[in-house]
Amino acid sequence: MFKEAVYHRPKNNYAYAYDEKTIHIRLRTKKEDMDAVQLIHGDPYNWADGQWQTEQKPMEKSGSDELFDYWFATLEPPHRRLRYSFLLEDGEEEVVFTEKGFYDEIPLDDTAYHFCFPFLNSIDVFQPPEWVKDTVWYQIFPERFANGDASLDPEGALPWGSKEPTPTNFFGGDFQGVINHLDHLENLGINGIYFTPIFKAHSNHKYDTIDYMEIDPQFGDKETFRKLVKECHKRDIRVMLDAVFNHSGYYFEPFQDVLKNGIESEYADWFHLRDEKVVTEPMPNYDAFAYVSSMPKLNTENPEVKDYLLKVARYWIEEFDIDGWRLDVANEVDHAFWRDFRQTVKEAKSDAYILGEIWHDSMPWLQGDQFDAVMNYPFTNAVIDFFAKKKITLDQFKNQLSHVQHMYPVSVNEVAFNLLDSHDTPRVLTYADENKRAAKLMYLFQLSYEGTPCIYYGDEIGMTGGEDPGCRKCMIWDEEDQDLELFSFIQELIGLRKSEPAFGNHGRFSFVDYGDNILAYEKKSDEQSLLFLINLSSDSLSIEDTSPSRIVASDQNSTAKGEKASLSPSGYIILEKK
């Protein structure tokens, strides 16, 4: 038994309140080391004859990564408090793992040996918005989605789609263009829009804010935006805006004052200045996003800055009824600010969605006091590396996804923002060297995985594009140039997510082993069990003992009959199990 690999802590993703009655417990052990794990548990005040009274519950193996197995159990303590430890069995010995170490027998003379969940206080339960679990997002880069009002075009705007995008050119995308094409989104099955920044800014991407309280005039005015939100809500489409609170733009009025007056400016402490006079080139002598002098970092510890930005957060919810905030460069802003931000946002709209842009392990931001979710880039990278780039094996893919699953509590995973691409990355088809079959399998996996998925504008009709700015092409609206078959495929998957109980976020995900050439996984809900089979080889394959009651979906050449499923090369089939 490899005791040094055993790990648990009574907090974060290893022990947490899932709801007002339920506690989730996880344990980590060395991969393939344990035959079984029992959760030893009891109320800390339940004693008889001088001994603490306990029960045992088998823990299920919920997944494995490259090095570890993960074990999982749920409990509903009648008095909402718990002491617990673990009975480890490897076939040769049994050991009890406690907060104070390992023992041959369960220490029953003092509960202080055991891990403690002191009390399940309902106010501490992490409760992300319920609606997010059933949302399929669509990311819109407003400058490139649709031009609905040519009178708003910036000076020098090019005819729609007439040239390749550059970091500085404009094509005149606006809010009216979005309103004109909401039927397209509704037809696809979208019920959430994530807009990249819409506030007044100098650039085409708008991540260099000039005024957080004003719409950029190239997109329209506030009344047009109000109409857009109302039209979205009529279609049951939620609206999430992008907030750039880590840094402002070069032409932000307080920064312009600092450029003029240096440390004598009344706004000097709004930024992180290092010298009396501000220098922008060749390297800024103040903190800036990624050394970009036109994006000076805001000092969110400054009370005036904090007050201003929190007013921004509240204003767009209360005045325009937006449904969420996506937070740019969220990991570089202090935690104290985000705690106050959450309180402000939830006071304005209790079920608003707060999404942080963080590309790494984000547990410090996901403890119920800051964000509801983060952009799930570890998921993105695993899917792209496996299906598109073919850089990792099936085992590596499963290990990486299992690791991602166990990084956070289940309640966080249910609202994780799962994207395949964005305005910051190459497009899906470009990642896949325009192999549409590989792209389809990525969409199948994304839309049947737990969390809330996001489609980047134009992906659904087969648009391509490399790194920024290539991924920011004008949306193609001529149907003759759209891949309508791909649109129908994604539309069908979104429909299954809504119609099949286990397909989407209400099904528990787990991998199944059918050998090296089949990616197999199950989704189980209280009502349904689905088996997903994806053929990774260039040959047809037959699989026995699938026990289907019906075929939910498949590519046109994959079938199932009796106990046997037949998969076409690079094909897939989804079976409802008996």
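Every heavy atom of this structure was used, including side-chain atoms; hydrogens, water molecules and symmetry mates were not.
A distance-only check finds a donor-acceptor pair linking the side chain of Q528 to the backbone of A502 [under 3.5 Å]. Side-chain atoms of T135 come within 3.5 Å of backbone N or O of W131 as a donor-acceptor pair. The backbone N or O of T22 sits less than 3.5 Å from a side-chain atom of D19, completing a donor-acceptor pair. Between the side chain of T98 and the main chain of G101, a donor-acceptor pair closer than 3.5 Å is present. One N or O on the side chain of K349 and one on the backbone of I322 form a donor-acceptor pair closer than 3.5 Å. Between the side chain of Q370 and the backbone N or O of P364, at least one donor-acceptor pair lies under 3.5 Å. Here the side chain of D323 pairs a donor or acceptor atom with the backbone of V239 at under 3.5 angstrom. Listed for the K57 side chain is no donor-acceptor partner under 3.5 Å among the backbone atoms of A73. When atom types are taken as modelled, the side chain of N505 and the backbone of G451 share a donor-acceptor pair closer than 3.5 angstrom. A donor-acceptor pair under 3.5 Å is absent between the side-chain atoms of T425 and the main chain of D421, judged by distance alone.
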- Task: Could you go through the side-chain hydrogen bond (donor to acceptor under 3.5 Å, both in side chains) check for E460 and Y443 one step at a time?
- Result: CA-CA 10 Å; E460 75 279 9; Y443 288 122; over 6 Å; no
- Apply side-chain hydrogen bond (donor to acceptor under 3.5 Å, both in side chains) to S570 and N535, showing your working. CA-CA 5 Å; S570 301; N535 184 359; over 6 Å; no
- Query: Do D65 and S402 pass the side-chain hydrogen bond (donor to acceptor under 3.5 Å, both in side chains) test, and can you show the C-alpha distance, the side-chain angles, and the key distance before you say yes or no?
  - Reply: CA-CA 6 Å; D65 59 23; S402 290; over 6 Å; no
- Task: List the steps, then state whether side-chain contact (heavy atoms from CB on, under 4.5 Å) holds for L541 with I518.
- Result: CA-CA 9 Å; L541 294 176; I518 299 288; 3.6 Å; yes
- F379 and Y449: CA distance, side-chain angles, deciding distance, ring pair (Phe, Tyr, Trp, His ring centres under 6.0 Å) verdict: CA-CA 10 Å; F379 164 88; Y449 192 68; 5.0 Å; yes
- Evaluate the side-chain contact (heavy atoms from CB on, under 4.5 Å) criterion for residues M463 and L429: first the C-alpha distance (whole Å), next the side-chain angles of each, then the deciding distance (0.1 Å), finally the verdict. CA-CA 7 Å; M463 285 180 60; L429 269 174; over 6 Å; no
- Message: Run F341 and F371 through ring pair (Phe, Tyr, Trp, His ring centres under 6.0 Å) and show every step you take.
- Response: CA-CA 9 Å; F341 176 87; F371 306 158; 7.8 Å; no
- Message: I'd like to know whether H406 forms a side-chain hydrogen bond (donor to acceptor under 3.5 Å, both in side chains) with N13, so could you lay out the CA-CA distance, the side-chain angles of the two residues, the decisive distance to 0.1 Å, and finally the verdict.
- Response: CA-CA 7 Å; H406 292 88; N13 52 327; over 6 Å; no
- Show your reasoning for whether ring pair (Phe, Tyr, Trp, His ring centres under 6.0 Å) applies to Y14 and Y7. CA-CA 9 Å; Y14 280 91; Y7 180 78; 5.2 Å; yes
- Query: Run the side-chain contact (heavy atoms from CB on, under 4.5 Å) check on F141 and C471 step by step: do they pass?
  - Reply: CA-CA 10 Å; F141 191 84; C471 55; over 6 Å; no
- Are Y291 and F289 close enough, and set up right, to give a ring pair (Phe, Tyr, Trp, His ring centres under 6.0 Å), and what steps lead you there? CA-CA 6 Å; Y291 302 120; F289 170 68; 10.0 Å; no
- Message: Test side-chain contact (heavy atoms from CB on, under 4.5 Å) on E522 and K577; report intermediate values, then the result.
- Response: CA-CA 10 Å; E522 286 184 332; K577 299 192 73 177; 3.3 Å; yes
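Here NE2 of H24 is found 7.5 Å from OG of S411. Values are rounded to the nearest 0.5 Å. Rounded to the nearest 0.5 Å, atoms CG (D539) and OG (S568) are 11.5 Å apart. Taken to the nearest 0.5 Å, the CG atom of L298 stands 12.0 Å off from the CD atom of E332. One distance of note links OG of S85 with CG of L39; it measures 7.5 Å at 0.5 Å rounding. Taken to the nearest 0.5 Å, the CE atom of M375 stands 5.5 Å off from the OG atom of S422. How far CG of L530 is from CG of L575: 9.0 Å, rounded to the nearest 0.5 Å.
Between F511 and F445, the angle of the ring planes stays under 30°, which puts this pair in the parallel group of the 30/60° scheme. The aromatic rings of F386 and F397 lie parallel to each other, with less than 30° between the two planes, well short of the 60° mark.
Other residues, nucleotides and ligands contribute over 12 non-hydrogen atoms within 6.0 Å of the CG atom of N121. Crowding of E544 atom CD: a count of heavy atoms from other residues, nucleotides or ligands under 6.0 Å exceeding 12. Within 6.0 Å of the NZ atom in K21, the count of heavy atoms belonging to other residues, nucleotides or ligands does not exceed 12.
Defined by atom type and a distance below 3.5 Å, a donor-acceptor pair is present between the side-chain atoms of N376 and N418. Side-chain atoms of Y521 and S448 form a donor-acceptor pair, as typed in the model, at a separation below 3.5 Å. A donor-acceptor contact closer than 3.5 angstrom links the side chains of T300 and D334. For the residue pair Y138 and N191, no side-chain donor N or O sits within less than 3.5 Å of a side-chain acceptor on the partner. Neither side chain, E76 nor Y18, offers a donor N or O lying under 3.5 Å from an acceptor on the other. A donor and an acceptor atom, one from each side chain of W359 and E357, are located under 3.5 Å apart. No hydrogens or angles considered: a donor-acceptor pair under 3.5 Å links the side chains of W137 and T452. In the model, Y84 has a side-chain atom that pairs as donor or acceptor with a side-chain atom of H8 under 3.5 Å.
Salt bridge status for E467 with R427: absent, with no side-chain N to carboxylate O gap under 4.0 Å. Note on E130 versus K133: salt bridge recorded, some NZ/NE/NH1/NH2 to OD/OE distance being below 4.0 Å. The residues D287 and K297 are annotated as not salt-bridged, no charged nitrogen and carboxylate oxygen being separated by less than 4.0 angstrom. Using a 4.0 Å cut-off between charged side-chain N and carboxylate O, R326 and D328 make a salt bridge. D372 has a carboxylate O that lies under 4.0 Å from a charged side-chain N of R342, or vice versa, which qualifies the two as a salt bridge. Taking the charged nitrogens against the carboxylate oxygens, D69 and K31 have no contact shorter than 4.0 Å, which rules out a salt bridge. Ion pair E450/K523 not flagged as a salt bridge, since none of the NZ, NE, NH1 or NH2 atoms sits closer than 4.0 Å to an Asp/Glu carboxylate oxygen. Electrostatic pairing of D433 and K389 does not count as a salt bridge here, judged by no charged N lying under 4.0 Å from a carboxylate O. A salt bridge between K498 and D134 is absent, with no side-chain N of the basic residue lying under 4.0 Å from a carboxylate O of the acidic one.
For the pair P569 and S540, the minimum side-chain heavy-atom distance is below 4.5 Å.
Just one of R26, M34, E60 meets the side chain to side chain contact (heavy atoms under 4.5 Å, CB included) condition when paired with W71; it is M34. When each of H205, Q139, R472 is paired with H423, the side chain to side chain donor-acceptor pair (under 3.5 Å) condition holds for Q139 and for no other.
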